[in-house]
Amino acid sequence: MDFTSRYVALGDSFTEGVGDDDPARPNGVRGWADRAAEQLGAADPDFGYANLAIRGRKLRQIMAEQVDAAVALKPTLVSIYAGANDILRPKVDIDDLLVDYDAGIRKLKATGATVVMFTGFDSRGSKIFGTTRGRTAIYNELVRGIAGDHGALLVDYWRFSEYYDWGMWATDRMHMSPAGHANMAKRVLSVLEHEHSIDVPPMTPVPELNRAETIRANARWVREFAGPWVVRRVTGKSSGDGLAPRYARLAHL
């Protein structure tokens, strides 16, 4: 089918939709991009949507694997968030990395599409991920510059204080919960100045824990989530190994 409006979403687990489980959808997730695409296409039968994002991908992998594929789909709208998995590494040359990001954004803008970029989240509320805060701040300033240079729209995740509520996060503490994804879809649609009817689902209450309960909860988190992430990093594996893009071709949700 030929679509006159074509939205292509690029990135990693953030855009793939990890944390917003839906067994009926490709890769078992829904995510903010699906939610936004549903709203964008609600009154437009000629609206097509592709999601090329794959969890675990780093910035240069996204540039190499997804940008040309997106260009081939002749998009009228592109969203892209890349670099979060690089920032998690303590040794990363963010300035050098963002040179490649700039080239990718230039290629996407050359299609004539509206391009939407994101700043990184301010992880000041996390004792573990808070260590990345300085690297994220440098990344954000460079992203703001790239967006300004190329006329891209910017979703300023860094300033979204509602994400300081742990109810916006999945149990892995790394990805947004269904409420977090729904809220992000609203934020993106607001930047696009598009009306929507998204209701953020109730957040799962985060119980108050005493010291012993906190220690046990943290130990369980390390065992179930942080430990496997470290093992993958040391062995050169990725959570996205073997996964295909959820919607490699344009579809109407």
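Remember, it's a predicted structure, so these values are computed and weren't measured experimentally.
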Can you give me the closest heavy-atom contact between [X] and [Y], atom names plus distance?
X: Ala70; Y: Pro75; value: O-CD, 3.2 Å
X: Ala82; Y: Leu59; value: O-CD1, 3.7 Å
X: Leu250; Y: Val8; value: CD2-CG2, 4.5 Å
X: Val67; Y: Gly104; value: CG1-O, 4.1 Å
X: Ile80; Y: Tyr101; value: O-OH, 3.5 Å
X: Val29; Y: Arg246; value: O-NH2, 2.6 Å

[X] side, atom [atom1]; [Y] side, atom [atom2] - distance, nearest 0.5 Å:
X: Arg133; Y: Ser123; atom1: CZ; atom2: OG; value: 7.5 Å
X: Leu40; Y: Leu77; atom1: CG; atom2: CG; value: 6.5 Å
X: His194; Y: Leu189; atom1: NE2; atom2: CG; value: 7.0 Å
X: Leu10; Y: Thr15; atom1: CG; atom2: OG1; value: 8.0 Å
X: Met63; Y: Ile105; atom1: CE; atom2: CD1; value: 6.0 Å
X: Ser190; Y: Met184; atom1: OG; atom2: CE; value: 11.5 Å

side-chain contact (heavy atoms from CB on, under 4.5 Å) between Asp34 and Arg25, intermediate numbers included: CA-CA 10 Å; Asp34 279 22; Arg25 299 197 182 213; 3.0 Å; yes
Ion pair check, Arg6 and Asp46, cut-off under 4.0 Å: no
Test log, rule salt bridge (charged side-chain N to carboxylate O under 4.0 Å, His left out), inputs Glu195 and Lys186: CA-CA 9 Å; Glu195 293 184 1; Lys186 292 179 66 173; over 6 Å; no
Working for side-chain contact (heavy atoms from CB on, under 4.5 Å), residues Tyr164 and Asp122: CA-CA 9 Å; Tyr164 298 147; Asp122 182 1; 3.4 Å; yes
Exercise: do [X] and [Y] side chains pair donor with acceptor under 3.5 Å:
X: Asp44; Y: Ser5; answer: yes
X: Asn51; Y: Tyr49; answer: yes
X: Asp102; Y: His150; answer: yes
X: Asn140; Y: Tyr157; answer: no

With sequence neighbours excluded, residues passing side chain to side chain donor-acceptor pair (under 3.5 Å) with Ser79: Tyr7
Sequence-distant partners of Arg159, side chain to side chain donor-acceptor pair (under 3.5 Å), two or more places apart: Asp156
Pairwise side-chain contact, [X] with [Y], heavy-atom cut-off 4.5 Å (strictly under):
X: His175; Y: Phe14; result: no
X: Val92; Y: Leu97; result: yes
X: Met176; Y: Ser13; result: no

Full working for side-chain contact (heavy atoms from CB on, under 4.5 Å) between Val116 and Leu192: CA-CA 9 Å; Val116 178; Leu192 292 172; 3.9 Å; yes
Chi angles and distances behind the salt bridge (charged side-chain N to carboxylate O under 4.0 Å, His left out) call for Arg60, Asp100: CA-CA 7 Å; Arg60 289 192 172 104; Asp100 289 354; 2.5 Å; yes
Pairs touching residues 73-86 that satisfy salt bridge (charged side-chain N to carboxylate O under 4.0 Å, His left out), sequence neighbours left out: none
Audit row: His181, Asn183, side-chain contact (heavy atoms from CB on, under 4.5 Å) steps and yes/no: CA-CA 5 Å; His181 277 281; Asn183 185 75; over 6 Å; no
Plane angle bin for Phe121 and Tyr163 - parallel if under 30°, tilted between 30 and 60°, otherwise perpendicular: perpendicular
Parallel, tilted or perpendicular: ring planes of Tyr139 versus Tyr81, cut at 30 and 60 degrees: tilted
Trace of the salt bridge (charged side-chain N to carboxylate O under 4.0 Å, His left out) decision for Arg30 with Glu16: CA-CA 8 Å; Arg30 185 182 183 189; Glu16 185 187 348; over 6 Å; no
Lys NZ or Arg CZ of Arg187 over Phe160 ring: under 6.0 Å, within 45°: yes
Residues, nucleotides or ligands: over 12 heavy atoms within 6.0 Å of Asp199 CG: no
Stepwise salt bridge (charged side-chain N to carboxylate O under 4.0 Å, His left out) check, Arg144 with Glu141: CA-CA 5 Å; Arg144 294 181 200 280; Glu141 284 306 299; 3.3 Å; yes
